[in-house]
Structures are given as structure tokens and as C-alpha cells.
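Comments concern the structure below.
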Amino acid sequence: MTERARLSARIAAIAESATLKVDAKAKALQAEGRPVISYAAGEPDFSTPEFIVEAALAATHDPKNYRYTPAAGLPDLREAIAAKTLRDSGLEVGAGQVVVTNGGKQAVYQAFQVLLDEGDEVLVPTPYWTTYPEAIKLAGGRQVDVFAGADQGYLVTVEQLEAARTERTKVLLFVSPSNPTGAVYAPDQVQAIGEWALEHGIWVVSDEIYQNLTYADDPDGVPPRAVSIVEAVPGLADRTILVNGVAKTYAMTGWRLGWMVGPADVIKGAANLQSHLTSNVSNISQRAAIAALTGPQDTVEEMRRAFDRRRRTIVAELSKIDGITVPVPQGAFYVYPDVSGLLGREWGGVTPSSSLELADLMLEQAEVAAVPGEAFGPSGYLRFSYALGDAPLLEGIQRLQRLFG
Ligand code: GLU
């Protein structure tokens, strides 16, 4: 009898999320009592603001939240998301153009499921967040990397996109501010890319989960807006899916509350899929998200300022290490230095030849966790999340200064 494969080829081809894996390893070592400082997961260290928690507590006492609700989301939340989309992305949509998802990840997954047929190509600015390739693959799509390194501020150009375009190109993935690089496209760059996509009939999946986390050069300056591609080029709205969520802006990663916004037919398709996959997101989290989006936004600004302060610290401290090049991020809460200058040299008896080996060495010898570039594209980079407290943030980089000094 021929032995059949135990796992489907589809699932055998995907890997565990590298960001979550490094984070879990760091947390396990911490649980063993090791003083690991982790820059691994993109997760704010702040508590969820109290008024949001209060709304969730009230929701647990309301029996209407104990039952199934519409798979695409509570009508009030879909309204609140539509209002937020107009406020921050400059796009007027009806509540029927919103699906509430179990975190931004489900929105990414569903966006590609709805748009891609076998062999359709997706242009992916590289470095990219570790989950996109797997979501594209699971939808039968073919990822086409468009690489932009530190020398170009991690920002792809229209010329590069055009060189990668083929007959099979269906979707452009657009992420600004970017995870993992923290790069933010300037309004004229967004417009140029949007016009190019419109001209060639290319769909856009725009991940805007970090849109409220941008930073000015001057700590008291007005932060730059991460202009949405549909605001820059309104004609693209009929072929764009926006992905977003409350996780990063409101320190709500564990609440699992994201959404997708798009043209009515696409959203209907995604809602149909979700009705078989997960049904409605927890009503408690949905009620909390209504409070987050419609309540006072001053805690958001406080957290943004704290991230900005930490950004300045980590850029300044990492820059003191010879062999590391640190482009200054303008958004999200990541810094993505080029560490190729540290490779091929001996540190504490080990000579790392890749950023993967360098990350292992840092964890072993300095008890510092960061995610290697291999999780996001080519080797030679490390991603540090600076969404951790000011004191450990500084101490961890000082450990690296000693290790690589
Ligand atoms: N998005 C965050 C990160 O990149 C959370 C972890 C994950 O879901 O990948 O670290």
C-alpha cells in the first residue's frame, strides 16, 4: 500500500510565524528565570486603556452578547469602523463595506482568499511581514518580491514595481507604515504608486494597522500622516482592500479585533467565507472596540509619544555599534538595522554567517531576542520592536554594545 502524506501539501508548505516563534522562545526562557530582554513581538507593553476595559466588563453582563451575532460584525462597530476609515484613510464607505475579523491577520488571510486564483501574482515590497507569504500561498497565489534595501529607505519605486509586473499580476501589497522596517511612504510616493496600480488595473491590499503610529523629526512636531492609497488616488477604491485593527493603536493585541474594508462585492465574498470559518468575533471584544474607536483618543497620543521616545533611544544606541547601519524609522514600532557588517566576524567564539545565526548568538550570549531578517526576506537584518519599557529597552542595547564592542 502506498503511504499517503500525513499532511496536505498546502499545510506542509507553510511555516510557523517566525515573530511569534521568537517571542515564545524568549518568553519561555524568561519563565525559566533567565533575564532575557525581548525585542521580538510587535506588542505594546501598555495596558489597554481603562475605559475600553470598562466597556468590555459591561458587555460581559449584557445577555445580548451571549449569542451569535452577524458574522460580518456588530452593526454599531461596522459604523464606527466606517467613520474611522473616513477620518484616517479619507475614504467614505458604508457599514456594509466592513467585515470585522479576528485580528488583522484574518483580514489579510481573507483578502487574499477572496482575490486570488491559482497562479495569480502578488507584488510584495520586501522586506515584508512574515505572515503575508503564507497567506498568499494558502490562497494559491504566487509571491513576487520587490526588494528595497536600507539604501533606499526600504521604499519601493514605481520603476521597480513596473519591472516586476507581468500578465499574471493581480495584486499589489502596500504597507505604510511598514512592519518590519518602520518606513512610511511620502504622500507623493503613495500617489505615484496608486496611479500606477490604477493605470494597470491592479488590485491593492493595503495594510494600515500602523497608520496612527507615525513620528515627526522633532519630538514636539506634528507627526506625518501615513496617507492612505485610496485617499491619494480615490479612483482605486473600487479595487482596494484596506486592512486594519485596534491591536497596535490601543494596546489590544490579545483582544483579536481587526477588520477589512473594501468594495461591496469583495466584502460580501469575505463575509461569506468568514461565516463558514469563524462566524462573529467575540462580542465582548467587539464592544470594547466600539469604545476604543468612539471614545477619547488622548491615551493613544500618550502611547505614541512613548513609542517616539523609545524610537529615538534605540536608534541612537544601536547606531553606536560599529557594523550596524540604522535607517531612522518614521512609523510603527520597529527599527530594522542592516547588520551585515557584523557577519563573518568572531563574537565570543562564534562567527555568524547570517542574521539567523547572529540572532541565536545574541540570545545565547547577551540574552537579547530580536527577529532575524530571514523572517522578512533576505538575511543581513534584524528587527527590533521598541514597544517595551524604557529601562529594559536601554539595557538590552547596552548588552549588545558590550557583546559587539
Ligand atoms: N504583528 C506582530 C509582529 O510582527 C505580532 C506578531 C505576529 O502576529 O506576527 O510582531
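Counting starts at 1 for both ligands and their atoms, in listed order. These numbers were taken from a predicted model, which means no experiment stands behind them.
Of all the heavy atoms of Thr253, none lies under 4.0 Å from any atom of ligand 1, so neither backbone nor side chain is involved.
Between Thr240 and Ser206, the closest heavy-atom pair is CG2-CB, 4.5 Å.
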Please report the C-alpha distance between Glu121 and Arg165 in whole Å, then the side-chain angles of each, then the deciding distance to 0.1 Å, and finally whether the salt bridge (Lys or Arg N to Asp or Glu O under 4.0 Å) criterion is met. CA-CA 9 Å; Glu121 292 177 0; Arg165 186 174 66 85; over 6 Å; no

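Only one option out of Phe333, Phe307, Tyr250 pairs with Phe46 in a ring-ring contact (aromatic ring centres under 6.0 Å, His included); it is Phe307. Screening Phe384, Tyr210, Tyr386, Tyr381 for a ring-ring contact (aromatic ring centres under 6.0 Å, His included) with Tyr334, the sole residue that qualifies is Tyr210.
Of all atoms in ligand 1, listed by their number and element, those nearer than 4.0 Å to a heavy atom of Ser17 are 9 (O). The ligand atoms of ligand 1 that sit less than 4.0 angstrom from a heavy atom of Asn179 are 1 (N), 3 (C), 4 (O). Taking every non-hydrogen atom of Lys248 and a distance limit under 4.0 Å, the qualifying atoms of ligand 1 come out as 1 (N), 2 (C), 5 (C). Each of the following atoms of ligand 1 lies closer than 4.0 Å to a heavy atom of Ala41: 10 (O). Every atom of ligand 1 with a heavy atom of Thr19 under 4.0 Å away is listed here by number and element: 4 (O), 6 (C), 7 (C), 9 (O), 10 (O). Distances below 4.0 Å separate heavy atoms of Tyr334 from the following atoms of ligand 1: 2 (C), 3 (C), 4 (O), 10 (O).
With 3.5 Å as the limit, one finds a donor-acceptor pair spanning the side chains of Thr48 and Trp255. Side-chain N/O atoms of Glu374 and Ser355 include a donor and acceptor closer than 3.5 Å.
Here the CD1 atom belonging to Ile193 is positioned 11.0 Å from the CG atom belonging to Leu236, to the nearest 0.5 angstrom.
In this comparison of Lys21, Arg383, Lys105, Glu43, the heavy atom closest to atom 8 (O) of ligand 1 sits on Lys105.
Using a 4.0 Å heavy-atom cutoff, Thr131 is absent from the residues neighbouring ligand 1.
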